[in-house]
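Numbers restart at 1 for each chain; the letters A, B, ... are given by sequence-line order, proteins then strands.
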Number of protein chains: 2
Amino acid sequence: MSETSPEYILERMSHPLIDELSEHLTPRAISLKKGDFLFQQGQSVKYIYYLLQGRITLNRSTIEGAKVILHVALAGDTLAEASLFSEQYHCSAKVDATAKLIGFKKSEVLQYLDSSPQFMKQLLAILASQVRELRSLNEIKNIRSAQERILAYIRIENRINIENLSLKDIAYKIGLTHETFYRELRKLEKSGQISRSDSMIKLII
Amino acid sequence: MSETSPEYILERMSHPLIDELSEHLTPRAISLKKGDFLFQQGQSVKYIYYLLQGRITLNRSTIEGAKVILHVALAGDTLAEASLFSEQYHCSAKVDATAKLIGFKKSEVLQYLDSSPQFMKQLLAILASQVRELRSLNEIKNIRSAQERILAYIRIENRINIENLSLKDIAYKIGLTHETFYRELRKLEKSGQISRSDSMIKLII
DNA sequence: CGAGTCGTTGAACGGAATCAATCGTCGTGG
DNA sequence: CCACGACGATTGATTCCGTTCAACGACTCG
């Protein structure tokens, strides 16, 4: 785990929460490779994180011993913010693809939270909008037709930014295999319903 | 829209946020029938809600004129908490099945929020855990096998409480048609992997 | 230079959706 | 108060489309 603060911390895409935290606390840079664990279920919560690059799977061991994947975090996701209010991590975080993260000390965040009601309110708003976003994602996955699901996703997000997330990641996010996602994108492009550049996928009309 | 405060407000299942709000603010009881709108996209936000019974679909009209379903709220869901921090509702809420709700005045909630940092923190924790829950639901929907998906859901929730939610509702929640859900439940029961009572579905072992 | 991953395309299969029909129950309005 | 409509739960048959497996080129990173 490297502990320098390299320039990539500053080169990240903007995120309201991380922007605010970076301004007031000292971010810690973390690099991990596939197979590493960011944290393990049961450990006491010391940090919360923001994932800049890579893929991290959160899974929990149930009482019966089975493992359940709770979430697959992709670039742009925050990790363990829920654990800000618990003593221990309720799941393990295993690195799937070489990851770069920013970490903030839980104690410092909580302290800042207490000192600034305004920040607290901002955090509330962020979480609320995260709930909204997740609900839409959830709803989209109830659309059986791959094509319609993709269209619904683009309509909600207005566009798909493919600079930060790979097509494969997006496919996963909306619950399609990457194969069908590629195929349907192609179809939509051919039928003139979407346009693709190397940074954006947009609806036509 | 009835505006009395009937006893069902007190008979609801417990919910940390609603419990707290009910204690400090005056809840408003609302009954709506199928086809009614709880609120419409663009209206200014006056209330936030808690759904006791029924089903309410949140949908948004996009710029292109298409309608996208953002969320289908079921009994136990909060509605429009995200709008606590916006001026207008960003979607419309249409009643699908006769609904009973509790409403709280936005202004009163915000005022209470300002007066009590402790409540604010509590709200933060609730939203954070909601994020966690939604992420798991999302993840579950990436499991293709109906049977495995159901098992994963029960593992995460520990059990399925079928007193408040119909089987149909649960099927929808995890992204299955009610037909397959019934069928797979039956199979799981027959093969001795789950047990069903009229209030609970549990894993065996 | 080689390993690994992403993007892409092809072929075949399987399982969940879909359509349809039935039963029981609950609420309700005439 | 009862008949009717609506909806949940259930089962059957069929279809279809997304998954799965497989293979390949391009590119990146070490």
Original post:
Which residues satisfy the side chain to side chain donor-acceptor pair (under 3.5 Å) test with B:D19, sequence neighbours excluded?
Top reply: B:R12
Subject >> B:E64: salt bridge (charged side-chain N to carboxylate O under 4.0 Å, His left out) partners, not counting sequence neighbours >> reply: A:R155
**OP:** Do nucleotides 7-20 of chain D as a string where each nucleotide becomes B, S or -: B if the base has a protein heavy atom under 4.0 Å, S if just the sugar-phosphate does, - if no protein is that close.
**Re:** SSBBBBB----SBB
**OP:** Just jot down the ring-ring contact (aromatic ring centres under 6.0 Å, His included) partners of B:F119, sequence neighbours excluded, or say none.
**Re:** B:Y112
Subject >> Heavy-atom closest pair, residues A:L51 and A:A99 >> reply: CD1-CB, 3.9 Å
Subject >> Bending between helix ends of the helix from C:dC1-D:dG30 to C:dG30-D:dC1 [5 pairs per end, 10° resolution] >> reply: 60°
**OP:** Could you note down all residue pairs passing salt bridge (Lys or Arg N to Asp or Glu O under 4.0 Å) where residues 77-96 of chain B supplies at least one of them, sequence neighbours left out?
**Re:** A:R135-B:E81, B:R55-B:D96
**OP:** Evaluate whether atom CD of A:Q111 has more than 12 neighbouring non-hydrogen atoms of other residues, nucleotides or ligands under 6.0 angstrom away.
**Re:** no
**OP:** Check side-chain contact (heavy atoms from CB on, under 4.5 Å) between A:Q40 and all other residues, then give those that pass, not counting sequence neighbours.
**Re:** A:F37, A:Q43, A:S92
Original post:
What residue pairs, at least two apart or across chains, pass ring-ring contact (aromatic ring centres under 6.0 Å, His included) with a residue in residues 180-205 of chain B?
Top reply: B:H178-B:Y182
**OP:** Consider only side-chain N and O atoms of B:K141 and A:N142, and report whether a donor and an acceptor are under 3.5 Å apart.
**Re:** yes
**OP:** Enumerate the residue pairs fulfilling salt bridge (Lys or Arg N to Asp or Glu O under 4.0 Å) with a member in residues 179-191 of chain A, sequence neighbours excluded, ordered by first and then second residue.
**Re:** A:E184-A:K187, A:E189-A:R196
Subject >> Leading and trailing nucleotides of DNA chain C with any atom under 4.0 Å from heavy atoms of chain A >> reply: C:dT5 to C:dT18
**OP:** Quick one, give me the B/S/- string for nucleotides 24-30 of chain D, reading 5' to 3', where B means a protein heavy atom under 4.0 Å from the base and S means that only happens at the primed atoms, P, OP1 or OP2.
**Re:** -------
Original post:
How far does OG of B:S197 sit from CZ of B:R159, to the nearest 0.5 angstrom?
Top reply: 9.5 Å
**OP:** If a pair satisfies ring-ring contact (aromatic ring centres under 6.0 Å, His included) and one of its residues is in residues 70-108 of chain B, list it, with sequence neighbours excluded.
**Re:** B:F39-B:Y89
